Amino acid sequence: EKGNVMQIRTLRIGDRVEGYALVKQSEVKTSTKGGKYLDMVLGDKSGEIDAKYWDYQEGATPEYPVNSMVKVRGSVNEFRGTLQLRVEMIRPLLPSDHVNPEDYVTTSEYDPALLYNEIIRIAQGFSDEDLKNLLLAVYDAYRSELLVAPAAVSLHHAMRGGLLYHTLSIIRMCRKAAEVYPQIDEDLLVCGAALHDLGKIREMDFAELGIASQYTTDGNLIGHLVRGAMMVEEIGKELNTPADKLRLIEHMLISHHGKPEYGAAVQPKFLEALVLARMDELDATIYEVNDCVSKLEPETFSPRLWSLDNTRLYHHGRKDDLEPHANLLPEDEE
C-alpha cells in the first residue's frame, strides 16, 4: 500500500494506491456498453496519471471540478501501453484531511520570481534601448500573471511558473547560439524569446495554483501568437517604440510555431525569427522526451507518442537523472 502521498510518477502496474490527488481533467463519458464513467487525469507534485471511475452513478456521483482535490483508492493497470488508475473509491477533499492543495501542484524547482528577475537582468544588458524599454515595460505590466502561468494545459512545462521556466530556457539557448553565430542580432533574438509566449496568459484559464484547466474563448478564437503580438503592440505604441522594431518583434511572435499548420500566422522570414521557432520546438521536445523516458526502465521503449510523430522512444540508460529540468540561473554554470 502506498500511503497518503501517492507519488504518481513512481507508480507501476499492479500497485494498490490510496491518497490525495489534484483533478487536472474530468469528464463524464459513455462506455462502449452504454454505461457512464468518469474519465479523469489526476496529478500530484511528481506527475499525472489517467484515471477511470467505472462506478459513476448519474445524479449520485458528485462533480469533481478541475483543480479540486480528491481522495482516491484504486489499483494501477495498463491500457494501450500507458498506465491507468482504476478508481474504486473517490471523494472530495474534507477540511479534516488537513491537506494543502499547493503541496500537490507541480511547480518548477526554481522560484518563478528568480526566473523573472533573471530575464529583467538580461534585458537591462541590451544595447538597443528601444527593445530594452519595450521588454521591461511588458514584463512590468504583466508581472503577476507571468509569475504563476504554466506553459501549457498538458505536455511541456504544464506547471505553476512553467511559462517563465520555458521562456528562460529558450533565452539561454538563444544567447548561446548568438555566441556561436555573430551574425545573429542578440538583442532582437532575446527580446523575441522573452515575449514569444506572452499571449499564453490570455490563452489559458489558470487558477492561482497555476494549473491550466482549459483554453479560454480568446485562446480558441485568437490564439497566443496573435494575442501576444497585440499585447506587445499596445505597450509599444504607448512607449513610441519605432514601428520597424515593433514589427520585427511582432513577426517573431506570430511566426514562432514555424508553419501555419502548427498555428503560425506567417512563416518565420528572418534569421532571428527562424532561430526562435527552432529553439521553441527544441525546448519543448527535450522536455517531453525527458518526461517520457524518465518513467521507463533502462533499455526499454515507450508507448507511441503522438506529440513526436508517434515515435516509440528508447531509454538507453547512459544518464541517471532524466527528470526534465534545465540549468537556468548563471551560478549553475560554476
Side-chain angles (χ1 to χ4, degrees), residues 1-26 38-53 64-94 96-112 150-162 165 207 209-213 286-303 305 313 315 317 319-326:
E1 293 278 331
K2 306 235 173 192
N4 285 343
V5 179
M6 290 204 287
Q7 281 294 341
I8 285 171
R9 179 176 278 284
T10 64
L11 296 178
R12 295 286 176 257
I13 296 167
D15 283 352
R16 302 270 315 146
V17 295
E18 180 170 350
Y20 302 102
L22 189 77
V23 178
K24 294 195 151 188
Q25 290 172 33
S26 176
L38 206 48
D39 187 21
M40 312 174 87
V41 175
L42 299 177
D44 63 14
K45 253 193 165 28
S46 71
E48 54 187 51
I49 190 168
D50 286 326
K52 302 278 186 279
Y53 180 56
Y64 297 104
V66 168
N67 293 340
S68 68
M69 293 281 306
V70 291
K71 186 173 187 185
V72 290
R73 192 164 77 208
S75 56
V76 181
N77 52 34
E78 189 182 19
F79 179 69
R80 291 190 183 154
T82 52
L83 292 183
Q84 201 175 76
L85 180 63
R86 187 187 178 102
V87 177
E88 291 152 20
M89 288 186 67
I90 179 167
R91 67 161 171 81
L93 193 68
L94 303 172
S96 57
D97 291 325
H98 300 298
V99 166
N100 178 4
E102 290 215 0
D103 295 339
Y104 288 80
V105 176
T106 316
T107 46
S108 87
E109 71 266 36
Y110 292 102
D111 175 355
V153 171
S154 59
L155 294 178
H156 76 95
H157 304 85
M159 58 189 171
R160 181 189 173 101
Y165 194 106
L209 288 175
I211 311 143
S213 54
I286 289 173
Y287 188 97
E288 284 171 42
V289 169
N290 284 348
D291 190 45
C292 171
V293 173
S294 62
K295 296 169 186 160
L296 301 176
E297 299 297 324
E299 302 189 355
T300 62
F301 287 88
S302 73
L305 281 157
L313 296 175
H315 181 352
K319 286 288 235 184
D320 294 333
D321 179 17
L322 288 169
E323 294 293 316
H325 67 277

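Bear in mind that the values here come from a model prediction, so they are computed numbers and not experimental data. Sequential numbering from 1 along the given sequence is applied to the chain's residues.
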Once rounded to the nearest 0.5 Å, what's the spacing between atom [atom1] of [X] and atom [atom2] of [Y]?
| X | Y | atom1 | atom2 | answer |
| --- | --- | --- | --- | --- |
| Arg12 | Glu297 | CZ | CD | 5.5 Å |
| Met89 | Glu18 | CE | CD | 8.0 Å |
| Leu93 | Leu22 | CG | CG | 10.0 Å |
| Thr300 | Leu313 | OG1 | CG | 10.5 Å |
| Asn290 | His315 | CG | NE2 | 10.0 Å |

Item to check | Which residues share a side chain to side chain donor-acceptor pair (under 3.5 Å) with Ser294, sequence neighbours left out | outcome: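 Residues passing side chain to side chain donor-acceptor pair (under 3.5 Å) with Ser294: Arg9.
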Item to check | Those residues that, when tested against Glu78, pass side chain to side chain donor-acceptor pair (under 3.5 Å) (two or more places apart) | outcome: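 With neighbours one apart ignored, the set is empty.
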Residues in side chain to side chain contact (heavy atoms under 4.5 Å, CB included) with [X], at least two apart?
| X | result |
| --- | --- |
| Arg91 | Tyr20, Lys71, Leu94, Asp97 |
| Leu83 | Ile13, Ile49, Val76 |
| Ala51 | Met40, Leu42, Leu85, Val87 |

Item to check | Contacts of type salt bridge (Lys or Arg N to Asp or Glu O under 4.0 Å), residue Lys52, not counting sequence neighbours | outcome: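 Listed in chain order: Asp39.
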Checklist entry - Taking only residues two or more places apart in sequence, or in another chain, which ones meet Glu299 in a salt bridge (Lys or Arg N to Asp or Glu O under 4.0 Å)? => result none
Checklist entry - Checking Asp44 side chain against Gln7 main chain: does a donor-acceptor pair fall under 3.5 Å? => result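 Confirmed, Asp44 side chain pairs with Gln7 backbone.
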Next on the checklist: Using a 3.5 Å distance criterion without hydrogens, assess whether the side chain of Tyr287 forms a donor-acceptor pair with backbone atoms of Ala326.
Outcome noted: no
Checklist entry - What are the two closest heavy atoms between Ser302 and Cys292, and how far apart are they? => result CB-SG, 3.4 Å
Checklist entry - Any idea which heavy atoms bring Arg16 and Ser75 closest together, and the distance? => result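 Arg16 and Ser75 have their closest heavy atoms at NH1-CB, 3.8 Å.
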Item to check | Side chain proximity check, Met69 to Val99, heavy atoms < 4.5 angstrom | outcome: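 When only atoms from C-beta onward are counted, Val99 and Met69 do touch, with a gap below 4.5 Å.
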Next on the checklist: Within the 4.5 Å heavy-atom criterion, are Leu38 and Ser26 side-chain neighbours or not?
Outcome noted: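 Yes, side chains in contact.
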